[in-house]
Amino acid sequence: MTADKYVLVTGGAGYIGSHTVLELINAGYKVVVVDNLCNSSEEAIRRVSELTNSTIPFFPVDLRDKEGLEKVFSEYPIQSVIHFAGLKAVGESTKIPLEYYDSNVCGTVHLLKIMAKYGTPVFVFSSSATVYGDATRFENMIPIPEECPTGPTSPYGHTKMIIEEILTDAAAADPNLKVGILRYFNPIGAHPSGRIGEDPRGIPNNLLPFVAQVAVGRRTMLQVFGNDYKGSPDGTPIRDYIHVVDLAKGHLAALAKLDSVEGDNSEGFVRPWNLGTGNGSTVFEVVHAFENATGKTIPLEIIGRRKGDVVNLTAKPNRANTELKWKAELSIEDACRDLWNWTTNNPWGYGQPEK
Ligand code: NAD
Ligand code: WQD
C-alpha cells in the first residue's frame with residue numbers, strides 16, 4: 001500500500017462497494033468514490049465516513065461521462081481502481097440489454113482509457129460466477145474451478161464475459177497493467193454494525209433480501225422457485241453464499257497480490273479468482289439458517305422454476321485461498337444475523353417507507 005496514493009472505487013455507494021470502502025479505509029488506504037447513484041444512495045457513503053471517522057471524496061459521476069471521470073483522475077493520484085460500477089440484474093438485462101452493454105461495457109472501456117492516460121497500473125474487476133453458466137453441463141466441474149469453460153446465458157452475464165476479454169486484451173497490450181478478475185458467487189449479509197447493507201430497489205430479486213423483507217413484514221411470503229432439481233438433496237438449487245464482509249476483504253487481498261506482482265517487459269498481468277466459500281447450500285437450508293439465526297418463521301410456498309436458474313453454483317476457491325492468501329471466514333448464520341440486524345435497524349433501507 002502506498003500512503004499518499006488513492007484507490008478509486010467505482011460503484012462505491014453500492015452494496016459490495018460500500019463494504020469494501022469501509023474495509024479499505026480501516027486498513028489504511030485512501031479512497032475516492034465514483035458512483036452515479038442509479039442503484040444506491042449517498043447515505044451509504046455518509047455512513048461509511050461516520051463508521052471510519054474519515055472524509056471520503058465522492059463524485060456523483062457516471063462512468064460514461066468523460067469530463068466528469070477525467071476530473072477525478074486529474075485531482076487525485078489514483079494508484080488502483082476497484083471497479084464495481086455497473087448494472088447487475090439478470091432479468092432486467094434481458095429486457096434492456098443495450099443499457100447493460102452501454103453502462104457495463106462502454107463504462108469500463110472508458111475507465112480503462114483514462115487509467116492508461118494517467119498511468120494507473122492496478123485494476124480489480126467485479127465479475128461474477130454467472131460467467132460459468134451451467135457448470136453441470138460438464139463432468140467434474142462442481143465445485144467450479146476458474147478453469148471451467150465459461151458460457152454465460154444472459155445479457156448481464158455476457159457483459160461480464162466481454163469485460164473479462166477486454167481486460168485480457170488490454171493487459172496483453174500494456175506491460176504496466178495488472179488486472180485481478182474476481183468472480184463472486186452469492187454475496188449476502190451486511191456489516192455487523194447494522195449501519196450499511198443491501199438496499200434493493202423495488203421487489204428484491206435475490207433470495208436473502210426477499211427473506212429479510214418477509215421477516216420484517218414488508219412481504220407476505222417467500223416463493224421458492226422449484227423443488228424438483230435433480231442433484232440437490234432437497235430438490236432446491238444449491239448456491240455458494242458468501243458474507244459480504246469476507247467478499248470485501250477479498251478485494252484487499254487482490255490489491256495486495258497485484259501490488260506484489262512483478263511487471264513483464266512485454267505484457268501485463270491478468271488473473272481470475274473465484275471468491276466463494278467452497279460450500280453449497282440449498283434454498284431450504286438458507287431459509288432454515290435465517291430462521292435459526294433470527295427466531296423468525298418464514299412462510300413460503302413452492303412455485304415453478306425461475307427461467308435461467310441452474311441447479312448448482314458452488315465455487316472451488318482454492319486459487320484465491322493460495323494465491324491471495326484469502327479465505328472466507330464467516331458462516332451463513334453470521335450473514336443472516338448481520339442481515340437481520342441491518343434490516344431491523346433500517347426496515348426501509350436508506351430510504352423512507354413506501355407510500
Ligand atoms: P450495486 O447495484 O449495489 O452497486 C453498483 C453501483 O454502481 C451502484 O451504486 C450504482 O449506482 C453504480 N453504477 C451503476 N452503473 C453506473 C455507471 N454507469 N456509472 C457510475 N456508477 C454506476 O451492486 P453490487 O451488488 O454492489 O454489485 C457490485 C458489482 O459486483 C457489480 O458490478 C455486480 O455486477 C457485481 N456482482 C454482484 C453480485 C451480487 O450478487 N450482488 C454478484 C456477482 C457480481
Ligand atoms: C438464489 C436461489 C433461486 C429468490 C444471482 C445472479 C448472479 C449473481 C448473484 C450477479 C436460487 C432461489 C430466489 C426468490 C427463490 N449476481 N430464490 N425465491 O440467481 O443464484 O444469482 O445473484 O452477478 O449472476 O443470477 O441468486 O439470490 O436470485 O437466487 O426461490 O424469491 O434462491 O431460485 O435457487 P442467483 P438469487
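Both ligands and their constituent atoms are indexed starting at 1 by order of listing. Predicted model, so just to flag it, every value in this text is computed and none were measured. Heavy-atom basis, side chains included; hydrogens, waters and symmetry copies ignored.
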N-O pairing of Arg47 and Glu43 below 4.0 Å: yes
Backbone of Asn274 reached by a side-chain donor or acceptor of Arg319 within 3.5 Å: no
Nearest-contact summary for atom 33 (O) of ligand 2 - protein heavy atom, Å: Asp309 OD2, 2.6 Å
Test item: side-chain donor near acceptor, Asp338 and His243, under 3.5 Å: yes
Gly11 neighbourhood, listing ligand 1 atoms whose heavy-atom distance to it stays under 4.0 Å: 6 (C), 7 (O)
Salt bridge flag under 4.0 Å for residues Lys316 and Glu146: no
Non-hydrogen side-chain atoms of Arg305 and Tyr229 separated by less than 4.5 Å: yes
Within reach of ligand 2, part of Tyr156 (heavy-atom separation under 4.0 Å): side chain
Atom 18 (N) of ligand 2 [closest protein heavy-atom partner, distance rounded to 0.1 Å]: Gln223 O, 2.8 Å
Pro187 heavy atom under 4.0 Å from ligand 1: yes
Nearest protein heavy atom with distance in Å, relative to atom 29 (O) of ligand 2: Arg306 NH2, 3.3 Å
Polar contact flag, side-chain donor to acceptor under 3.5 angstrom, Thr10-Asp35: no
Val283: numbered ligand 2 atoms lying under 4.0 Å from its heavy atoms: 2 (C), 12 (C), 32 (O), 34 (O)
Close approach of Asn206 to ligand 1, heavy atoms, under 4.0 angstrom: no
Close-contact set for ligand 2 against Pro237 heavy atoms, below 4.0 Å: 34 (O)
Protein heavy-atom partner closest to atom 15 (C) of ligand 2 - residue, atom, separation in Å: Phe225 CD1, 3.3 Å
Part of Arg305 with heavy atoms under 4.0 Å of ligand 2, whether side chain, backbone, both or neither: neither
For ligand 2, the portion of Leu313 having any non-hydrogen atom under 4.0 Å away: neither
Closest protein heavy atom to atom 36 (P) of ligand 2, given as residue, atom name and distance to 0.1 Å: Asn206 ND2, 3.4 Å
For atom 26 (O) of ligand 2, closest protein heavy-atom neighbour: Asn186 ND2, 3.1 Å
Check against side chain to side chain donor-acceptor pair (under 3.5 Å), Tyr184 and Asp240: CA-CA 9 Å; Tyr184 313 153; Asp240 186 332; over 6 Å; no
Selection from Val131, Leu207, Val310 by shortest heavy-atom distance to atom 32 (O) of ligand 2: Leu207
Ion pair check, Lys160 and Glu165, cut-off under 4.0 Å: no
Protein heavy atom at shortest distance from atom 25 (O) of ligand 2: Val90 CG2, 3.3 Å
Atoms in ligand 2 with a heavy atom of Val224 nearer than 4.0 Å: 30 (O)
Contact (N/O only, under 3.5 Å) between Phe185 and ligand 1: no
Geometric class of the His83/Phe123 ring pair [parallel <30°, tilted 30-60°, perpendicular >60°]: tilted
Worked check of side chain to side chain donor-acceptor pair (under 3.5 Å) between Thr153 and Asp134: CA-CA 8 Å; Thr153 56; Asp134 184 2; over 6 Å; no
Lys160 to ligand 1, any heavy atom closer than 4.0 Å: yes
Contact with ligand 1 for Ser127, non-hydrogen, under 4.0 angstrom: yes
Minimum-distance protein heavy atom relative to atom 8 (C) of ligand 2: Ser128 OG, 4.0 Å
SB check Glu50 Arg46 (cutoff 4.0 Å): yes
Close approach, Tyr241 and ligand 2, non-hydrogen under 4.0 angstrom: yes
Atoms in ligand 1 with a heavy atom of Leu37 nearer than 4.0 Å: 11 (O)
Close-contact set for ligand 2 against Thr130 heavy atoms, below 4.0 Å: 24 (O)
Closest candidate by heavy atom, reference atom 1 (P) of ligand 1, pool Val90, Asn39, Leu247, Asp35: Asn39
